[in-house]
Undergrad: 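Below: one structure in structure tokens.
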Amino acid sequence: MSACVPTRATDPSDSHRASHLHPPHSPPPTPPRRFRIASADVSASIAVFLIALPLSLGIALATGAPLQAGLVAAAVGGIVAGRLGGCPLQVSGPAAGLTVVTADLIHRYGWRTTCAITVLAGVVQLGLGCLRVARTALAVSPAIVHGMLAGIGITIAVAQLHIVLGGTPQSSVLDNLRALPAQLARVQPAAVSVSALTLALLFLWPRIPGRAGVLLRRIPAALVAVAGATTTACLTGLVLPKVDLPSWSSHALAGLPEGPALGIVAAVLTTTLVCSVQSLLGAVAVDKLAAGRPDLLTAGPSSGRGARVGRSDLDRELLGQGAANIVSGALGGLPVAGVAVRSSANVQAGAVSRNSTMLHGVLVVIAALLLVPVLEFIPLASLAALVMAVGIQMVSLHHIRTVTRHREVLVYAVTTLGVVVFGVLEGVTLGIAVAVGVSLHRLTRTRITHHEREGVHHVHVRGQLTFLAVPRLSRALHLVPHGANAVVELDGSFMDHAAYESLQDWQKTHTAQGGSVELAGRSPGTSIAEPSGAADCRCRPWTAWRNHQCELPHSVAASAPTPTGVPDTEASGSAGAAGSTVSSGASDASGASGENGGPDEAGRPVRPGGSGELDDSRDPAGSSGPSGPGTSRGPAGSSGPLAPAGSGGHELARGISAFQRNTAPIVRGELARLAREGQQPAQLFLTCADSRVVTSMITSSGPGDLFVVRNVGNLVPLPGEESGDDSVAAAIEYAVDVLKVRSITVCGHSGCGAMQALLDSEPGGARTPLKRWLRHGLPSLERMADDSRAWAKLAGRAAADAVEQLCLTNVVQQLEHLRSHDSVARALREGELELHGMYFHVGEAQAYLLTGADGDELFDQVEAAADVSV
């Protein structure tokens with residue numbers, strides 16, 4: 001949007017300011033531009049440089065190229081791709097994913113022709129960028145990309161193992177495996193020792209405990225490993241092959257390509273494919289990392305932190321990568337692509353603009369010119385061990401679990417084996433063929449539409465979402481302006497990994513930029529109420545990843561009897577920890593919600609018609625719907641008119657019958673898969689036993705997602721204070737050590753009867769089981785009474801009363817108790833676990849996450865969070 005400058009003052013009082021403006025109808029004067037580099041960019045560039053220097057030399061060694069070629073590619077990737085690319089924070093350079101391709105080209109055609117192929121690949125990338133087809137690359141299934149990287153990682157590790165043992169690698173994986181027994185028979189102890197020291201430093205350095213470890217871990221582990229091995233080799237006088245950097249005057253540049261035309265064309269296309277896909281997927285990954293840093297999304301010229309970092313321009317990124325490959329190949333460098341390790345380090349180090357990437361390239365140039373004598377002390381065995389570790393890490397267990405969950409393990413396995421046995425191009429071709437074959441069983445016609453209605457942008461997806469639909473989905477989603485309200489309606493039963501990742505990444509970025517996203521699903525065949533009354537509920541049975549809500553027709557609501565209710569305990573603040581009652585009158589203090597057919601105070605649907613009666617969620621046969629029995633019950637457990645007196649067992653039986661009839665056929669396949677694979681939850685969710693806190697509903701989760709522990713008051717006893725009841729500690733230990741959950745959430749809620757009981761408790765009296773259990777909440781009472789501590793608070797308002805204040809304080813206190821458990825403390829030190837605090841207000845149906853730290857314990861609304869994963 002262009003800005004208009006008024007040519008005259010609009011207010012007489014402002015007329016004196018007009019003389020200070022530029023003359024009418026002339027452009028505003030251009031302020032003097034000064035080139036500034038933010039301090040955050042300087043520190044980030046140093047961190048990336050220290051990682052890139054040893055890795056560039058190691059990748060050049062693994063390919064068999066001149067070692068200077070790795071430095072040339074690192075410098076060109078930083079300066080050229082960093083300046084021209086469309087992803088400001090992505091760092092480009094020689095990538096491990098290109099190692100096998102480049103090594104094969106050097107073996108077949110020689111170094112000068114390989115450089116020419118790199119130049120031609122850059123030209124093709126420029127052409128593709130001009131055609132604006134970058135998003136088409138996202139149609140490649142992540143299972144193929146991860147399989148390709150895993151195959152390349154295996155190839156690298158097997159080849160570098162020979163150098164680690166003191167030998168020379170062969171040209172293929174199979175040859176290396178056949179030569180391995182002979183190599184093991186003539187191991188070189190000096191090479192093995194240096195390699196073992198390199199690997200030990202590489203893996204142990206990030207795990208240094210304590211405050212000293214926090215400071216030391218700022219130095220990249222790769223630099224420490226290579227520097228430590230080099231220093232040890234020099235001090236002990238070990239005789240080993242070392243880095244040999246010839247004079248730059250003898251550096252070989254690109255020459256005319258020599259070889260069969262079809263072979264050269266295939267080589268150019270292979271290099272283009274690998275470079276482009278890796279760079280574009282890396283740009284998407286960097287966008288995901290940047291979305292987790294709100295400062296990048298709000299920074300501007302006035303903030304002094306550089307320009308705002310928005311979504312990556314993938315077509316521009318492809319142009320930048322093409323230009324970098326042309327320059328790198330012409331100067332005798334390796335092929336260039338976006339590198340995930342350096343890019344993530346750049347974002348995590350605090351970079352705020354592309355200046356960090358460019359400055360890292362300048363530092364590589366300085367090192368290549370001035371540090372040659374120092375670099376020549378590095379043993380080749382140390383670099384080989386470093387690259388071998390990188391290759392092993394490319395076979396990611398996380399990726400294997402992900403593709404297995406999305407039923408694409410066959411594509412992953414075929415691609416990996418194809419790359420290992422035949423080569424990168426052949427392996428990727430096999431993977432694509434298998435992916436297409438698998439998709440033929442899933443794929444139906446998918447229609448994606450976008451329209452705006454009353455200021456809300458609706459994206460409607462009809463059919464199955466697979467990787468083939470990702471480009472169209474991406475185009476439709478990017479039609480939604482920043483900060484707008486959006487509704488994505490998914491009318492299908494299948495979504496593969498590529499579509500899920502694309503939709504999830506867009507949702508996180510859009511939410512972080514101030515917009516809102518609502519995901520809605522429609523189930524074909526869902527019927528509206530039939531005239532005969534056989535289908536009284538518009539509620540469909542539970543389906544994976546979706547919630548449901550019942551709504552009765554007006555005719556049924558008008559004829560339904562009104563139950564005898566009792567006052568709502570949420571309003572009175574005396575709800576019990578294990579159950580609740582419901583309100584039923586013609587109106588309440590907040591207005592006649594029943595007349596409007598809106599929700600009651602507890603956020604539950606109310607039948608229209610003025611009675612204020614709660615929806616009973618009955619199925620066509622008159623039994624309870626899949627949500628369970630829907631009758632209103634008083635404090636003594638007496639049934640309302642919707643169920644005969646004393647029919648608690650019948651309600652349970654009807655609920656089970658409804659599940660078997662309506663829900664079981666839908667979820668049977670998913671539950672059968674979970675039965676085969678076992679439970680693999682990502683999170684431990686510890687909450688109160690209150691019946692109103694429905695974990696699957698408020699977290700939009702399904703079977704296998706949450707490992708749930710419920711007790712009165714969501715308490716976590718301190719270690720050693722369980723007094724014979726180790727159930728909570730056992731659940732924590734099992735979840736962390738056996739199930740390997742990645743996060744633990746402690747969830748409190750409004751109107752908690754346990755917190756009310758704590759406030760009302762008096763010293764002495766009978767030590768009932770409830771009192772003995774609630775003693776674990778006494779530290780929360782003491783924390784709230786401590787005047788030296790700031791109270792935990794809700795965003796936008798103060799706590800309603802002492803009970804709510806204690807509920808909030810209790811969540812913070814129980815998180816501290818969690819940290820005292822050995823398994824939790826160990827996982828936190830190793831960076832394998834996160835702790836979250838949550839507060840659920842039942843009456844408002846609003847969830848709050850603990851976003852503050854020790855001095856500012858703030859529970860903020862989930863809608864305002866950039867990335868919520870509870």
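Predicted, not measured: the structure shown is a model, and the values here were computed from it.
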Undergrad: Are the side chain of Ser343 and the backbone N or O of Val339 linked by a donor-acceptor pair below 3.5 Å?
TA: yes

Undergrad: Just say parallel, tilted or perpendicular for the rings of His457 and His450, cut-offs at 30° and 60°.
TA: parallel

Undergrad: What pair of heavy atoms forms the shortest contact from Phe685 to Cys747, and how long is it?
TA: CZ-CB, 3.6 Å

Undergrad: Between CD of Gln513 and NE2 of His482, what distance do you get to the nearest 0.5 Å?
TA: 5.0 Å

Undergrad: Keeping the roles fixed (side chain from Asp315, backbone from Ala134), state whether a donor-acceptor pair exists under 3.5 Å.
TA: yes

Undergrad: Stepwise, does the side chain to side chain contact (heavy atoms under 4.5 Å, CB included) test hold for Met495 with Leu503?
TA: CA-CA 10 Å; Met495 180 189 301; Leu503 182 59; 4.0 Å; yes

Undergrad: Closest approach of Val414 and Gly431, non-hydrogen atoms and distance?
TA: CG1-N, 4.4 Å

Undergrad: Can you give me the closest heavy-atom contact between His510 and Ala484, atom names plus distance?
TA: NE2-O, 2.8 Å

Undergrad: Below 4.5 Å, heavy atoms only, C-beta onward: do Phe422 and Thr429 meet side chain to side chain?
TA: no

Undergrad: Given 3.5 Å as the limit, does a donor-acceptor pair link the side chain of Thr272 with the main chain of Val268, or not?
TA: yes

Undergrad: Looking at side-chain heavy atoms only, is the closest gap between His406 and Asp496 below 4.5 Å?
TA: no

Undergrad: Is the shortest heavy-atom distance from the side chain of Leu334 to the side chain of Leu98 under 4.5 Å?
TA: no

Undergrad: With no hydrogens and no angle check, is any side-chain donor or acceptor of Ser696 less than 3.5 Å from a backbone partner on Gly702?
TA: no

Undergrad: From Leu490 CG over to Ile448 CD1, what is the distance, rounded to the nearest 0.5 angstrom?
TA: 9.5 Å

Undergrad: Under 3.5 Å, is there a donor-acceptor pair between the side chain of Arg354 and the main chain of Gly85?
TA: yes

Undergrad: Closest heavy-atom contact between Gly77 and Val336?
TA: CA-CG1, 3.9 Å

Undergrad: Stepwise, does the side chain to side chain contact (heavy atoms under 4.5 Å, CB included) test hold for Val694 with Ile698?
TA: CA-CA 6 Å; Val694 184; Ile698 64 178; 5.6 Å; no

Undergrad: Is there side-chain contact between Asn325 and Cys275, with heavy atoms separated by less than 4.5 Å?
TA: yes

Undergrad: Applying side chain to side chain contact (heavy atoms under 4.5 Å, CB included) to Trp506 and Val517, what does each step give before you reach the verdict?
TA: CA-CA 10 Å; Trp506 174 83; Val517 179; 3.8 Å; yes

Undergrad: Would you say the side-chain atoms of Gln90 pair up with the backbone N or O of Ser279, donor to acceptor, closer than 3.5 Å?
TA: yes

Undergrad: Starting at CD1 of Ile744, measure out to CG of Leu686 and round the result to the nearest 0.5 Å.
TA: 8.5 Å

Undergrad: Could you walk me through whether Val387 and Ile156 pass side chain to side chain contact (heavy atoms under 4.5 Å, CB included), step by step?
TA: CA-CA 7 Å; Val387 177; Ile156 292 172; 3.5 Å; yes

Undergrad: In the structure I gave you, are the side-chain heavy atoms of Val284 and Glu501 within less than 4.5 Å of one another anywhere?
TA: no

Undergrad: Search all heavy atoms of Ala52 against all heavy atoms of His360 and return the closest pair with its distance.
TA: CB-NE2, 3.8 Å

Undergrad: Is it the case that the side chain of Asp41 and the backbone of Val352 share a donor-acceptor pair, with hydrogens and angles ignored and the cut-off at 3.5 Å?
TA: yes

Undergrad: Closest approach of Thr271 and Ala121, non-hydrogen atoms and distance?
TA: CG2-CB, 3.9 Å

Undergrad: With heavy-atom distances below 4.5 Å as the criterion, would you say the side chains of Thr155 and Val173 are in contact?
TA: yes

Undergrad: Rounded to the nearest 0.5 Å, how far does NE2 of His458 lie from CG of Asn485?
TA: 9.5 Å

Undergrad: Hey, could you give me the NE2/CZ distance between His398 and Arg742, rounded to the nearest 0.5 Å?
TA: 6.5 Å

Undergrad: Given side chains that start at C-beta, do those of Leu849 and Asp860 come closer than 4.5 Å, heavy atoms only?
TA: no

Undergrad: Run through Thr415, Val277, Val403 and flag the one making a side chain to side chain contact (heavy atoms under 4.5 Å, CB included) with Ile144.
TA: Thr415

Undergrad: If you count heavy atoms of other groups shown closer than 6.0 angstrom to CZ of Arg316, is the number above 12?
TA: yes

Undergrad: Calculate, to the nearest 0.5 Å, the distance between atoms CZ and CZ belonging to Arg447 and Arg472 respectively.
TA: 10.5 Å

Undergrad: May I ask you to test the Ser92-Gln321 pair for a side-chain heavy-atom distance under 4.5 Å?
TA: yes

